[in-house]
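Beneath this line is the structure, given in structure tokens, with notes to follow.
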Amino acid sequence: MQTLGNLINNEAVAGRSERHSTVYNPATGEPRLYVSLSSADETREAIAAAQAAFEGWSKTPPLVRARVMFRFKALLEERRDDVARLISLEHGKVFSDAQGEVTRGLEVVEFACGIPHLLKGEFSPNVGRDIDSNSLMQPLGVCVGITPFNFPVMVPLWMLPVAIACGNTFVLKPSEKDPSATMLLGELLAEAGLPAGVLNIVNGDKEAVDVLLTDERVQSVSFVGSTPIAEYIYSTASAHGKRCQALGGAKNHMVIMPDADPQQVVGSLMGAAYGSAGERCMAISVAVCVGDEVADNLVEMLKGEISQMRTGPGTGVEPEPHMGPLVTREHQQKVSGYIDLGVEEGATLVCDGRGLTVEGYENGFYVGPTLFDRVTPQMRIYKEEIFGPVLAVVRVNTFDEALKLVNDHEFGNGTSIFTRDGDTARQYEEEVKVGMVGVNVPIPVPMAFHCFGGWKRSIFGPLNMHGPDGVRFFTRMKTVTRRWPTGIRAGADFSMPTMK
Ligand code: NAD
């Protein structure tokens, strides 16, 4: 079986460490390839390549850097289906969903194409007599990205186009579970004319990550993954003097008011809960029904819809299934374990996805769509992120109870409210302690020119991904206050300078 190595200085480099991990095709359960787990020395070589490229790249005019992004955008559009096929093959999500992932990543590349405009900075003439002031947004140096399995293309593209367009160089450490599509991004950037060393991809696990978090040449760390690791990344990177944005896990609630349109709710909820087998950080995993009538009706309608769902391989089957397998056998077992737990905890299991076998794909890592009713806030299946196709219905009596429930949860990534009442929606927007809010929109993922990020334990660090925050994160501000000789001719001033 092939072993995937690293991409250093635009060249594929074989891994030298003795360690590797296996990448599976989750649809069949078969091993697909090995990925080399880089040693500390190999990781340092990637940092060295990025460090060497920084001087030249940071001095390249933003317009020229943007042109590389334009060429990358064209190549990514051309090769969109190849990239999507690789995502589907190793992650398991269905092909049309993988195409959507590539599109959402492409949008950040489009945003980065506008970098000359985004780096213009600020200018204030005459801040004092004959004195002007302006800000420069300068690149940081070597930036690092560490990314999760669930979006092997979109999440790296939240970071690296902005970082690179700002004039930084980059070391990316993709998920070891599905690295091939991420590696293809590196090849396309090289083809687009990105100079050697500006992007380096190093495959690996904790050994590589720990070097990236502590090496003094690294200036910033962008991370997306689970909350315990995000917290570790943030505290370690910060303790080593790096700026850090670390996005963590989620438990996203959809509040359903009695006046909501039931058809719209059910259609939205099915996609939001079960799309990508629930392996999305913005998936809805809790439906909060205001009133028993809303809940009874919703559960009945969901039962009907779930019975029509097709679960199967992400590619190669017509018509395309609605949902693919989970990423690994361990994850399949973990999600099934949570379903066992929900039953033990006393929730009502309405639809059970355990033990699902797909004909012709009996060894795939499948769990079918699962629905629990009468879940309570004390249960672990409510409190913890399951990250699978498991939807919990929680019943409350009032809007205030629903709002409190969402606000009391430790995570605050995304949420949505379904209602016809503008006043209710407005109060929800104002008072909910969650970073991304949808009103009659189930998965409110912000566009590339806005910022993506949650609240509470869904994020560590002050700046979100892409949009204005992305540019802020990947640049250092320098403010210049300038006076030309006319002022100096007036003679030295020994008192504290004030604006006269
Ligand atoms: P993960 O935390 O297991 O892994 C993420 C990255 O960290 C990977 O590159 C992995 O190799 C590395 N890593 C894992 N353990 C490590 C350790 N002990 N030390 C150093 N590095 C380590 O996450 P995952 O399972 O790949 O992804 C799923 C998680 O990501 C879910 O919790 C999901 O909610 C979250 N996620 C969040 C967002 C968001 O925007 N908030 C987006 C996507 C995914």
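All ligand and atom numbering here is 1-based and tracks the order in the structure.
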Compare Thr147, Leu212, Leu37, Thr328 and give the one whose heavy atom is closest to atom 8 (C) of ligand 1.
-> Thr147
Atom NZ of Lys206 and atom NZ of Lys173: how far apart are they, to the nearest 0.5 Å?
-> 12.0 Å
In plain terms, say whether Glu110 and Lys73 are close enough for a salt bridge, that is, a side-chain N and a carboxylate O under 4.0 Å apart.
-> yes
Do Glu45 and Arg16 sit within salt-bridge range, that is, some charged N less than 4.0 Å from a carboxylate O?
-> yes
With distance as the sole test, does Tyr24 use its side chain to make a donor-acceptor pair with the main-chain N or O of His91 at under 3.5 Å?
-> no
Any idea which atoms of ligand 1 are less than 4.0 Å away from a heavy-atom of Glu385?
-> 31 (C), 32 (O), 33 (C), 34 (O)
Return the residue, atom name and 0.1 Å-rounded distance of the protein heavy atom closest to atom 24 (P) of ligand 1.
-> Phe149 CD2, 3.6 Å
Kindly state whether the ring of Tyr382 and the ring of His253 have centres lying under 6.0 angstrom apart.
-> yes
Trp158 near ligand 1 by a heavy-atom separation under 4.0 Å = yes
Nearest protein heavy atom under 4.0 Å from atom 4 (O) of ligand 1, yes or no | no
Which of the ligand 1 atoms, numbered from 1, are nearer than 4.0 Å to a heavy atom of Ile146 = 6 (C), 7 (O), 9 (O)
Please work out which of Ser175, Gly225, Cys281, Ala283 has its closest non-hydrogen atom nearest to atom 39 (C) of ligand 1.
-> Cys281
Residues Asp41 and Arg44 bridged, charged N to O under 4.0 Å = yes
Heavy atoms only: which of Asp178, Val209, Val155 is nearest to atom 20 (C) of ligand 1?
-> Val209
Between Asp178 and Lys93, does at least one N-O distance fall below 4.0 Å, as a salt bridge requires?
-> no
Side chain proximity check, Arg85 to Phe95, heavy atoms < 4.5 angstrom | yes
Are any of the N/O atoms in Asp210 less than 3.5 Å from those in ligand 1?
-> no
Evaluate the side-chain proximity of Phe151 to Leu157: yes if any heavy-atom separation is below 4.5 Å, no if none is.
-> no
Hey, does Gly248 sit under 4.0 Å from ligand 1 if you only count heavy atoms?
-> yes
Ranking Phe411, Phe452, Phe223, Tyr232 by closest non-hydrogen atom to atom 7 (O) of ligand 1, top hit is Phe223
Looking only at protein heavy atoms, which one is nearest to atom 18 (N) of ligand 1, and how far off is it?
-> Ile229 CD1, 3.6 Å
Proximal ligand 1 atoms for Asn150, defined as those under 4.0 Å from one of its heavy atoms | 43 (C), 44 (C)
Ligand 1 to Ser226 polar contact by distance, N or O atoms, under 3.5 Å = yes
If we only count N/O pairs under 3.5 Å, is Lys206 in contact with ligand 1?
-> no
Would you mind listing which atoms of ligand 1 come within a distance below 4.0 Å of any non-hydrogen atom of Glu176?
-> 10 (C), 11 (O)
Give, for atom CD of Glu410 and atom CG of Asp408, the distance between the pair rounded to the nearest 0.5 Å.
-> 12.0 Å
Arg104 with Glu107: basic N within carboxylate O range, under 4.0 Å = yes
Before signing off on this row, confirm whether Pro148 and ligand 1 have an N or O atom pair separated by under 3.5 Å.
-> no
